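Because the structure is a prediction, the values reported are computed rather than measured.
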Amino acid sequence: MLHSYLKTAFRNLLRNKRHFLVNITGLLVGFGAFLLISIVVQYVKEYDNFHTKKDRIYRLVRADLSGNGFGTGAPFPFAEGLRTDYPQLEKVAGIYGDKNVQVIIPGKDDVAVKKFSEATGVFFAEPSFFEMFDFKMLAGNAVTGIQEQNTALLSREVANRYFGDWQQATGKMIRAYGRYIRITGVMENPPDNTDFALGIVISYATLKPMGVGMNDWVGISNNYVMVMAKEGYTADQLSSLLPGFIAKHIPPSHAGYKLLLQPLKDIHTDKRFETFSGRVFSKELINALHLTGIFLLIIACVNFVNLSTANAINRAREVGVRKVLGSNRQQLLLQFLGETGLSCLLAMTGALILAIALLPALNKLLEMKISLSVLPVIPAVLFILFLWAIVTVSAGFYPALVLSGFNPMNALKSRLNAENPRGLHLRRGLVTFQFVIAQILIIGTLIVIAQTNYFRNADMGFNKEAIITAEFPHDSVSRSRFDYLRDELMRQQGVRDVSFSLFAPAGEDFWATDFKLGSNHTDKADLIVNMKPADTNYFNIYKMQLLAGRVYYDADTVREFVVNETLVKKAGFASPEAAIGQPITVMNKTLPIVGVVKDFHVKSLRDPIDPVVMTTVKRIYKTANIRIEPGKAKTTIAALETLWNKYYPDYIFKYSFMDQTLAGYYKQENQLAQLFKIFAGIAIFISCLGLYGLISFMALRRKKEIGIRKVLGADVLTIVMLMSREFTLLITLAFVIATPLAWYFMNDWLQQFSFRMEIGAGVFVITLLFSLVIAWLTVGHSAIKAALADPVKSLRTE
């Protein structure tokens, strides 16, 4: 019996090639999209899931007392303090991440054999870090290997880059941070889905002689504190201890935040907090992707139902003959479900091939390294089989019920198309549902693109065009060469202006400190401000607008302060002019405000503008800001590199264009826009297939009506308009439903940005027009074909 069902199913599929290809295409695309989304979601959920003690590991994070600001950095002494104060913690480890680190492989007579610039992956960690986390070692011991100063571990990839063969790395020397560091071991490359992408791990003890404030309980930097609870202790129990820790160790003048424990599994999905990699795949985004995948699969099933029922009339005589020859409804139901199952199996196979083929492109888009191995083999196979069964039943049961329920007498007399249009309202509802989803995705796509364009074109409060920034060695020798370097740079063809500073106006690096009105050094801080030390020419090169007062005079040390509008408002000054001459205390120095500049963004447009204090601190400058002539970038940069090599022969010339750096802050929004475009395109494609099914059904059901209308004088345009009217109403109805839903979800998404576009009516008008045009093009062929049909053939059976 099974063999007979399969043989019959294959014959029917081959007999109706066009119907079969259209139907299986919708299923294949829906399956493929769902599988790819499932792989991405599973990959993200597996972040740092390979650590055996993961359920007991937490990151110490901060929240300000208002509950609006969040941070991940912790003062360096916190790790030792927690170890000493709380025996409930089995392990505590500090880990400090750094970026753009210059590494030299020294040769004979200390001559650089190789030079590297590590954008990310450089960490300083305590030995206990490797007692908490499961990073595999290829050579050496991770815990004992980083107990002494100036020792480090390398990943396999970094060791191969530095020394050609990782097996030769142990015992070798590298030079970084102006000191020699001995390699004591090699780690296996960490998985891509970890927030601790270890490339170089230097002993935490090495930080002490580097003067980074190892005894400073107040200063906050890019230092994580990871804790592991003893068995039996919950996060709530441990969290209840943290207010006492703040009260014991932090002076009241600096206790402007509370401490929280963030589970390891939430680090990559909690958008309130940053990661070392800067990549956060929020829970909201995961849920949105999950729902999108499910909806794409649903509309693919809906499409199958529409096309199958539209094709039902063509198989009416087959059903009639089968029933007359003795087939009962149960047998026919199984037969048609079997055909659906075979179609789904072929679609699933094609979808797997499609997913494998498109995975590299998806990895490139998302900048990930996802492979099918992220899915465990047995659970993945069971999941696919379960998915196949669910889709077979959900997509095939109703069409099978319709086909098996035909009255044999009516079927053999070809009277089905003139009687009771079974399920027409259901099909209309299904098509409407398809276009609701498609139009929500279209509206979402347009809003994400508009917000991305807003980011790209928004006024940052400073001029970002034709400026490159480059870091130089942060040492006394480099600082002594500032004046010489400035003169040399200004002599280069294509260089218009030069300034030195600690940071660029906006960026990931920051220096936050206390601000107090007047000269009282002991009261609680009035504000936390963002420091931007820079020379006087900084204001000119970035064309910052002065609202009151003047720019501070150039000096080697702190002499005067310039502040921004936000600080003036938050400090309670009546106007920028009222702030001029007022003393403020910053960095334990009480000095006057001499100027107020117009607000500029120091972070991305996701964040509000911080209060900013600017002054001169020459000893900490590490960034050269160079304005170049437009159109001469290539030759100017080549000349700058030659000059850099002359002054800093062991230091790689690494530069970035300011506008490109700022654009890079919105990489995730750009990726999201691309994903929305793809998903909206898939939804429209599948929905149009469903619309094709509905128009095919309508053409069959109204074939004689159209014939009569033509005999009575109706022209082609009138009949095409008649056929198009119904689906136009359905798409308009879908738009009415989709608009408030899309507005709600996208407006909620926009709330995460401090600076955002307004959702205007144009987005919705474009969506409706686009949907109608695509739909008209889809049904045009079938409508015109029905209108041009010979009425004699349509009426012959009457």
Side-chain angles (χ1 to χ4, degrees), residues 72-73 76 94-106 110 112-126 129 135 145-146 149-163 169 172-187 189-190 194-214 221-224 274-279 469-479 502-504 507-511 620-624 641 644-645 647-656 661 664:
T72 55
F76 284 102
I95 178 168
Y96 172 81
D98 204 359
K99 296 180 178 180
N100 300 317
V101 177
Q102 298 277 341
V103 178
I104 295 168
I105 311 302
D110 199 29
V113 177
K114 296 179 182 178
K115 297 185 290 184
F116 299 92
S117 179
E118 303 293 350
T120 59
V122 179
F123 297 86
F124 293 80
E126 292 188 294
F129 177 83
F135 291 100
I146 53 171
Q149 288 185 8
N150 302 324
T151 54
L153 309 172
L154 302 181
S155 69
R156 177 205 289 260
E157 184 272 327
V158 172
N160 284 335
R161 256 194 305 126
Y162 287 2
F163 304 107
K172 296 289 181 62
M173 305 294 289
I174 62 174
R175 200 167 78 222
Y177 300 99
R179 62 190 63 246
Y180 286 95
I181 298 172
R182 179 168 53 90
I183 307 305
T184 57
V186 178
M187 307 170 288
N189 296 330
T194 176
D195 281 306
F196 300 93
L198 310 179
I200 305 174
V201 182
I202 305 171
S203 63
Y204 210 64
T206 306
L207 286 169
K208 189 173 183 179
M210 292 173 58
V212 295
M214 296 299 288
S221 62
N222 196 24
N223 179 61
Y224 285 1
E274 295 180 347
T275 67
F276 280 135
S277 65
R279 297 186 297 180
T469 59
E471 287 193 12
F472 45 78
H474 187 201
D475 54 44
S476 58
V477 175
S478 298
R479 290 193 295 272
L502 178 59
F503 307 127
E508 296 177 351
D509 295 325
F510 68 95
W511 174 15
I620 63 173
Y621 295 162
K622 65 173 185 177
T623 302
E641 185 171 10
W644 218 259
N645 291 334
Y647 276 85
Y648 312 112
D650 289 344
Y651 206 80
I652 296 175
F653 177 62
K654 191 170 183 180
Y655 67 92
S656 58
T661 300

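Closest approach of S203 to F124, counting heavy atoms only: O-CD2, 3.6 Å. Minimum heavy-atom separation, V201 to A125: CG1-CB, 3.7 Å. Scanning all heavy atoms of the two residues, the minimum distance from A159 to L154 falls at CA-CD1, 4.0 Å. In terms of heavy atoms, M173 sits closest to P106 at O-CD, 3.5 Å. Nearest approach of F123 to G121, heavy atoms of both residues: CD1-O, 3.4 Å.
Remark: F653 engages W644, Y655 in a ring pair (Phe, Tyr, Trp, His ring centres under 6.0 Å) (not counting sequence neighbours). Looking at residues two or more places apart in sequence or on another chain, you find no ring pair (Phe, Tyr, Trp, His ring centres under 6.0 Å) involving F503. The side-chain hydrogen bond (donor to acceptor under 3.5 Å, both in side chains) test applied to R175 returns D110, D650, not counting sequence neighbours. With sequence neighbours excluded, the residues that form a ring pair (Phe, Tyr, Trp, His ring centres under 6.0 Å) with F116 are Y162. Residues forming a side-chain hydrogen bond (donor to acceptor under 3.5 Å, both in side chains) with T661 (at least two apart in sequence, or on another chain): S656. Residues satisfying the side-chain hydrogen bond (donor to acceptor under 3.5 Å, both in side chains) test with T623, not counting sequence neighbours, are none.
To the nearest 0.5 Å, atom CD1 of residue I181 and atom CD of residue Q149 are 11.0 Å apart. The line from CD1 of I95 to CG of N223 is 9.0 Å long, rounded to the nearest 0.5 Å. Here I174 contributes atom CD1 and I105 contributes atom CD1; the two are 6.0 Å apart, rounded to the nearest 0.5 Å. Between atom CD1 of residue I652 and atom CD of residue E471 there is a gap of 12.5 Å, rounded to the nearest 0.5 Å.
Residues Y177 and I202 are in side-chain contact: their nearest non-hydrogen atoms beyond the backbone lie under 4.5 Å apart. A heavy-atom distance below 4.5 Å is not found between the side chains of E118 and N100. Between I146 and Y204 there is no side-chain heavy-atom pair separated by less than 4.5 Å.
Taking the six-membered ring wherever Trp is involved, the centroid distance between the rings of F135 and F196 does not fall below 6.0 Å.
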Please step through side-chain contact (heavy atoms from CB on, under 4.5 Å) for the pair L198 and F129, ending with a clear verdict. CA-CA 12 Å; L198 310 179; F129 177 83; 4.1 Å; yes
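With hydrogens and angles disregarded, a donor-acceptor distance shorter than 3.5 Å links the side chain of K115 to the backbone of P649. A donor-acceptor contact shorter than 3.5 Å is absent between the side chain of S117 and the backbone of Q102. N189 places a side-chain N or O within 3.5 Å of a backbone atom of E157 that can act as its donor or acceptor partner. Side chain of T151 to main chain of G145: a donor-acceptor pair is present (N/O by atom type, distance under 3.5 Å, no hydrogens or angles). The main-chain N or O of G94 is found under 3.5 Å from a side-chain atom of E126 such that the two form a donor-acceptor pair. Of the possible donor and acceptor atoms, one in the side chain of T206 sits under 3.5 Å from a partner among the backbone N and O of N150.
The environment of NZ in K208 is sparse: at most 12 heavy-atom neighbours from other residues, nucleotides or ligands sit within 6.0 Å.
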